[in-house]
A.B. asks: 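Just passing along the structure, written as C-alpha cells.
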Amino acid sequence: MIVEFYPLDVGYETNVDGKGAILLFGRTTTGQKICVFDTTYEPYFYVFAKHRDAMKHLKESIEALKIEQDHHISFVTKVEITKMRYMDKDVEVLKVYVPVQKDLDAIREEVRVLRDVGDVREGDLPIQKRYLVDKDIVPLALYKVEGEAFERSMHVDLCIMAESISLVDSEFLEKPKILAFDIEVYCQDKHFPIAEKDPVLMIALYSNYGFQKVLTWKKFSSELPVEFLEDESALLRRFEEILEQENPDYLVGYFSDGFDIPYLAARAKQNHLKMHLGDGFKVARRGEVSVGKIKGIIHLDIFKFIKQIMGGSLKLESYSLRNVVENLLEEKKYDIAIEEIGVVWDEQPEMLEQFCSYNLQDAKLALLLCEKVLPNMNELVRVTGQPLFEICRSSYSQLVEFYFMKRAREFKEIYPNKPNNQEVAWRRMHTYEGAFVYEPKPGLYEHLVVLDYRSLYPSLIVAKNITPSMLSEERKETYETPFIEEDGKKIKYFFSSKEEGFIPLIVKDLILRRNRIKELIKKEEKKNFVLEARSYSLKIIANATYGYFGFFGARWYSRECASSITAFGRQYIQDVIQKSEESGFQVVYSDTDSVMVVLGEKTKEDIFRFLKEVNEQLPSLMEVELEDFYSRGIFVTKKGEDKGAKKKYALISEKGDMKVVGFETIRRDWSFIAKEVQKKVLEMVLRGSKIEQALEYIQEVLTEVKNEQIPKEKMIIQTQLKKKISGYDLVGPHVMVAKRMRELGEDVGPGSVIKYIVTKGKGLVRDKARIPEEAEDYDPDYYIRNQVLPAVEKIFEVLGHNLKELESDKTQNRLQKFWNHG
DNA sequence: TGGTTCCACAT
DNA sequence: CAGTTTGGAACCA
C-alpha cells in the first residue's frame with residue numbers, strides 16, 4: 001500500500017532476531033498515527049588507512065572481525081572502499097557496516113587498534129540521527145511510503161514496513177494537534193515537594209483544538225471542566241488514557257523535562273504502576289540535564305527552547321513562566337498562593353477550584369507559548385533536518401553542528417570526531433584575542449550617528465573563505481589575516497582563495513536565504529510571523545558559527561579560524577574608523593562591528609554618501625549599514641580613573657527612544673533604588689533637563705533613603721549562584737545568604753538567583769546581608785555609599801558636578817551630610 | 001593597597 | 001554545550 005505522511009520523530013530498535021529497524025513516527029494526511037519501519041538501513045562508520053597500499057589488506061582484516069560480549073557476537077556485515085571528501089579534499093576510505101547500533105561501539109574500538117588504521121570517523125553517532133540526514137528526510141514535510149502494513153501493538157493506528165520513502169511536498173504539516181499540560185503537587189510548610197512523599201493532586205490539559213480538562217482526586221463543586229478520580233493512581237492512569245484517546249502530535253509543558261515528567265515517573269513508581277504508554281515516562285539523562293520521553297508522543301519542553309535559543313534575543317531577568325508570559329503574551333499567570341495547596345487540600349477541599357483554574361491557566365499558557373515559538377522551531381527543523389524533539393532542547397552549538405552535518409553529507413564530507421577529554425582540556429585553556437573596543441572620551445555629545453557591519457562575522461567567513469580546510473602554508477592565492485599575537489609571537493594565517501570551502505559556502509547560503517526572506521518581508525503589508533521566524537532562525541545559525549569554531553566541544557573546532565575572524569573583524573572596523581576621520585566625522589566610540597560618529601556640521605546626505613563610498617570598496621557580502629541617528633549621548637569615566645569607560649553609555653534616538661548600555665540600570669545585581677535613580681537621572685540629562693533639576697531629585701531620594709522611608713523591596717539585590725555553595729573560594733554576600741536559605745530547607749544550587757538586603761550592623765557586607773523576609777531594616781549608609789551615589793556620581797561628573805567636592809562646599813551642606821555618614 | 005574571584009553585560 | 005572584552009564589587013593578604 002501507499003500512504004502519505006508527515007514524519008514527526010525518529011527512533012531505533014533491535015528485535016529478538018538481532019535485526020535493527022529505524023522507526024519513523026508520523027501523522028498521515030487522513031489524520032492517523034503511523035509508524036514506518038525501515039530495516040534496510042545499517043549502522044556504519046569510516047576508517048582511514050595509514051597508507052594507500054594497506055587498504056586492501058585492512059579491508060580483509062576488518063571483514064574478519066568477530067567479538068563476543070555478553071552472549072552477543074558482533075561482526076562486520078560489509079566493508080566498502082569508497083571515495084569521500086575530508087577537509088574539502090578527495091579521500092579514499094573504508095566504509096564499515098555492522099548489523100545493529102550496539103555492534104558499532106564494539107567493532108569500532110576493535111578497529112581503532114588495528115595495525116595500519118589511521119583514524120576512525122563517525123563511529124560515535126546515534127544511527128537514527130544520521131538516518132534522516134542520509135535519506136534526506138526532513139521532519140514535518142510530506143512524504144510517501146510504499147510498503148506492507150502489519151499488525152503490532154505500538155499505540156499507533158498503522159504500522160508499515162517500508163520499501164521506499166519519497167518526498168511529496170516540502171510544505172510543512174499545517175495544524176498539528178497540540179496538547180499542553182501542567183501538574184500541581186502536594187506540599188507542606190512551604191517546602192518544595194518531594195517526589196517520594198508528596199502526591200500529584202491535579203493535572204490540567206489544554207489543547208489547540210478545543211479539548212480542556214482538569215483531573216483531580218478530591219471532590220468539590222466546580223464550574224470548570226474537572227473530572228474527579230478515586231485516588232492518585234487513578235489520576236495517573238486517566239492521564240495516560242487521555243493521552244492515548246486524544247493522541248496529540250505534541251505534548252507540551254513548561255519546564256516539564258525538569259519537573260512534570262520526572263515527577264510523574266517517580267509517582268508512578270511509588271504507586272507501583274506500570275504505565276501502558278510505550279515504556280511509560282522515561283527520564284533519559286543527557287549529560288547534566290534530564291529529558292522526558294514518552295514513546296509515540298513527542299514531548300516538547302518549551303522552557304528549554306525559550307531559555308536557550310530565544311533567550312539570546314529576549315534577555316529576560318528570569319525564565320520563570322510568570323516572567324516569560326508577561327513579556328511574550330497578552331495573557332497572564334493567575335495570582336494565587338500555590339504553596340498553600342497542601343493545607344487547602346487537607347482542610348478546605350471546597351476551596352480547591354481556584355487551584356484548578358490556576359492549573360488550567362498554566363497549561364493554557366504553555367500552549368500559547370508553544371504556538372508563539374513554533375514557527376521558529378519549525379524553521380530550525382527545516383534548516384537542520386532534525387526533529388522538533390531535538391530542536392526544542394538544542395543549544396546554539398548543536399544547531400550549528402546539525403546544520404553542518406546535514407549539509408556536509410551533500411558534499412560527501414566526512415565529519416571530524418568529537419574531542420576527547422584531553423583535547424577538551426587543551427581547547428579550554430587556549431583562548432584567543434577578541435574584538436576591538438574604542439576608548440571613548442567622557443562627555444555629553446549631540447547629533448550622533450551609529451553605523452555597523454551587517455552580520456560582520458558570518459560575512460567575513462564567506463569573504464575570506466575561513467574554514468579549517470582552507471588554512472594554507474603558502475602565501476600565494478590566499479586571503480591573509482592581519483598579524484595575530486599567539487604565545488607571544490606575531491603570526492599570520494592564510495586561507496586559500498582557489499576554491500570555496502564547504503563551510504563558507506553553506507554560511508553564504510544562510511545569508512543569501514535570509515536576504516531573500518527579508519526582501520519578502522519588506523513587500524508584505526502586514527507583519528508576517530512565519531517569515532520573521534525563518535529570518536530569525538537563519539540569523540542565529542549564521543551568527544553562532546563563529547562562536548562554534550571557538551567552542552571546545554565542536555567537531556569542526558578551529559582556534560585558527562576563530563582568531564582569524566576576530567582579527568579580520570578588528571581590521572575592518574579600524575578601517576571604517578579611519579575612513580570616518582578622513583571624511584571629517586569625529587569618532588566617538590566603536591565596539592566590534594559598530595562605529596559612532598558626530599554628525600557635526602555635516603548632513604545626513606553626507607553620511608549616506610560616505611556609506612556608499614565605504615561599501616563600494618568592501619568585498620563579497622560585506623556591508624556597512626546605518627543603524628540610527630541619535631540626538632544625544634553620554635559617556636562616563638571608569639571608576640577611579642580619568643579614562644572613558646568602555647561598554648558603558650546612554651543614547652537617545654531622534655525619535656526619542658532611550659538606549660542604555662552597560663549602566664547599572666540594566667544590571668540584575670544592583671538594587672532597584674539605585675537602578676531607578678540612575679535611569680531617571682540619565683533620562684533627565686538626555687532629554688535636556690537642567691542640572692539643578694537632577695540635583696534636586698537626587699537630594700530628595702537621598703533624604704528618603706537616609707530616613708529609611710524607602711520600602712525594603714526596593715533595596716533587594718539579586719545575584720545568581722554560578723556554582724555549588726561548597727565550590728566558592730571567596731564567600732560573597734550572595735553565597736552567605738544562599739547558605740542561610742539552605743539552612744531553612746530551600747533547594748538552592750547552581751542557577752538559583754539569590755535575593756538579599758544589606759542591613760545595619762558591623763563587619764563585612766556578607767555579615768550584614770539577609771534574606772529579604774528576615775531583613776528587619778536596611779543600612780542607609782551602605783545604600784547611599786555603595787548603591788545610589790555610585791550609580792549617579794559619574795553622570796554628574798560629566799556635567800561638571802563632582803558630588804564628592806560638595807563635601808567641602810558649605811553652601812551645599814545638605815548633600816555633604818550624606819557623604820559624611822549622615 | 002593591590003591582587004584575586006565572581007558576576008553580569010556588550011557584542 | 002557559541003566566542004572574548006569589560007567594569008566593578010567584595011574579599012583577602
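Numbered from 1 within each chain, the chains take letters A, B, ... in sequence-line order. Just the heavy atoms: all of them, side chains too, but no hydrogens, waters or symmetry mates, feed the values below. Keep in mind it's a predicted model, so treat the numbers as computed, not measured.
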A.B. asks: Within this structure, what is the NZ-to-P distance between A:Lys643 and C:dT6, rounded to whole angstrom?
C.D. replies: 11 Å

A.B. asks: Measure from CG on A:Asp729 to C1' on C:dC12 and round the result to the nearest Å.
C.D. replies: 12 Å

A.B. asks: If each of A:Phe436 and A:Phe551 is mapped to the nucleotide of DNA chain C with the nearest heavy atom, which maps nearer the 5' terminus, i.e. the 5' end?
C.D. replies: A:Phe551

A.B. asks: Let's see if you get this right: which residues in residues 658-675 of chain A place a heavy atom under 4.0 Å from DNA chain B?
C.D. replies: A:Val661, A:Gly662, A:Ile666, A:Arg667, A:Arg668, A:Asp669

A.B. asks: Measure OH/A:Tyr589 against P/C:dT5 and give the value in whole Å, please.
C.D. replies: 14 Å

A.B. asks: Give one of base, sugar-phosphate or nothing for A:Tyr728, where a contact means two heavy atoms less than 4.0 Å apart.
C.D. replies: sugar-phosphate

A.B. asks: Establish, for the pair A:Arg555 and A:Tyr415, whether the NZ or CZ atom is under 6.0 angstrom from the six-membered ring centre and no further than 45 degrees off its axis.
C.D. replies: no

A.B. asks: Of the candidate nucleotides C:dT6, C:dC12, C:dA2, which contains the atom at the shortest distance from the side chain of A:Arg766?
C.D. replies: C:dC12

A.B. asks: Does NZ or CZ of A:Arg667 fall inside the cone over A:Phe663's six-membered ring, less than 6.0 Å from its centre and within 45° of the axis?
C.D. replies: no

A.B. asks: Using a strict cut-off of less than 4.0 Å between a Lys/Arg side-chain nitrogen and an Asp/Glu carboxylate oxygen, indicate whether A:Lys675 and A:Glu664 qualify as a salt bridge.
C.D. replies: no

A.B. asks: Find the partner of B:dC9: check Watson-Crick (N1-N3 plus N6-O4 or O6-N4) and G-U wobble (N1-O2, O6-N3) distances, both under 3.5 Å, and reply none if neither fits.
C.D. replies: none

A.B. asks: Measure from NZ on A:Lys646 to P on C:dG8 and round the result to the nearest Å.
C.D. replies: 13 Å

A.B. asks: Cation-pi check for A:Phe483 against A:Lys492: NZ or CZ below 6.0 Å from the six-membered ring centre and within 45 degrees of the axis, yes or no?
C.D. replies: yes

A.B. asks: Contact class for A:Tyr453 vs. all strands (heavy atom < 4.0 Å): base, sugar-phosphate, or nothing?
C.D. replies: nothing

A.B. asks: Quiz question: by atom type and distance under 3.5 Å, do the side chains of A:Ser313 and A:Tyr536 form a donor-acceptor pair?
C.D. replies: yes

A.B. asks: Taking ring-ring contact (aromatic ring centres under 6.0 Å, His included) as the test, write out the residues that go with A:Tyr778, two or more places apart.
C.D. replies: A:Tyr783

A.B. asks: To the closest 0.5 Å, what do you measure between CD1 (A:Ile573) and CD (A:Gln578)?
C.D. replies: 12.5 Å

A.B. asks: By the 4.0 Å heavy-atom rule, please label A:Lys639 as base, sugar-phosphate, or nothing.
C.D. replies: sugar-phosphate

A.B. asks: Which atom pair, heavy atoms only, marks the closest approach of A:Ile391 to A:Phe305?
C.D. replies: O-CD1, 3.8 Å

A.B. asks: What nucleic acid atoms does A:Lys794 come within less than 4.0 Å of, heavy atoms only: base, sugar-phosphate, or nothing?
C.D. replies: nothing

A.B. asks: Among C:dT4, C:dC11, C:dT6, which is the nearest nucleotide to the side chain of A:Thr431?
C.D. replies: C:dT4

A.B. asks: Base, sugar-phosphate, or nothing: which does A:Asp593 touch, judged by heavy atoms less than 4.0 Å apart?
C.D. replies: sugar-phosphate

A.B. asks: With nearest nucleotide decided by heavy atoms, which residue, A:Gly553 or A:Ala435, maps closer to the 5′ end of DNA chain C?
C.D. replies: A:Gly553

A.B. asks: How long is the line joining CD of A:Gln787 and P of C:dA9, in whole Å?
C.D. replies: 9 Å

A.B. asks: Going by ring-ring contact (aromatic ring centres under 6.0 Å, His included), A:Tyr649 matches just one of A:Tyr589, A:Tyr445, A:Tyr438. Which one?
C.D. replies: A:Tyr589

A.B. asks: Expressed in angstrom and rounded to an integer, what is the separation of A:Tyr438 atom OH from C:dT6 atom P?
C.D. replies: 15 Å

A.B. asks: I'd like to know if the side chain of A:Glu532 pairs up with that of A:Ser535 as donor and acceptor (distance under 3.5 Å, no hydrogens or angles considered).
C.D. replies: no

A.B. asks: Below 4.0 Å from chain A heavy atoms, what is the first contacting nucleotide of DNA chain B and what is the last?
C.D. replies: B:dT4 to B:dT11

A.B. asks: Using a cut-off of less than 4.0 Å, is there contact between a side-chain N or O of A:Asn786 and OP1 or OP2 of C:dA10?
C.D. replies: yes

A.B. asks: Taking only N and O in the side chain of A:Lys638, is any of them less than 4.0 Å away from OP1 or OP2 of C:dG7?
C.D. replies: yes

A.B. asks: Mind calculating the distance between CG (A:Leu789) and P (C:dG8) to the nearest angstrom?
C.D. replies: 15 Å

A.B. asks: Base, sugar-phosphate or nothing for A:Val400? Non-hydrogen atoms, less than 4.0 Å.
C.D. replies: nothing

A.B. asks: Touch check for A:Tyr457, heavy atoms < 4.0 angstrom, all strands: base, sugar-phosphate only, or nothing?
C.D. replies: nothing

A.B. asks: Here's one to test your reading of the geometry: is the NZ or CZ of A:Lys464 within 45 degrees of the ring axis of A:Phe568 and under 6.0 Å from its centre?
C.D. replies: yes

A.B. asks: For A:Arg427 and C:dC1, give me the distance from atom CZ to atom P, rounded to whole Å.
C.D. replies: 15 Å

A.B. asks: Compare side-chain N and O positions of A:Ser397 against OP1 and OP2 of C:dA2 and report whether any pair is under 4.0 Å apart.
C.D. replies: yes

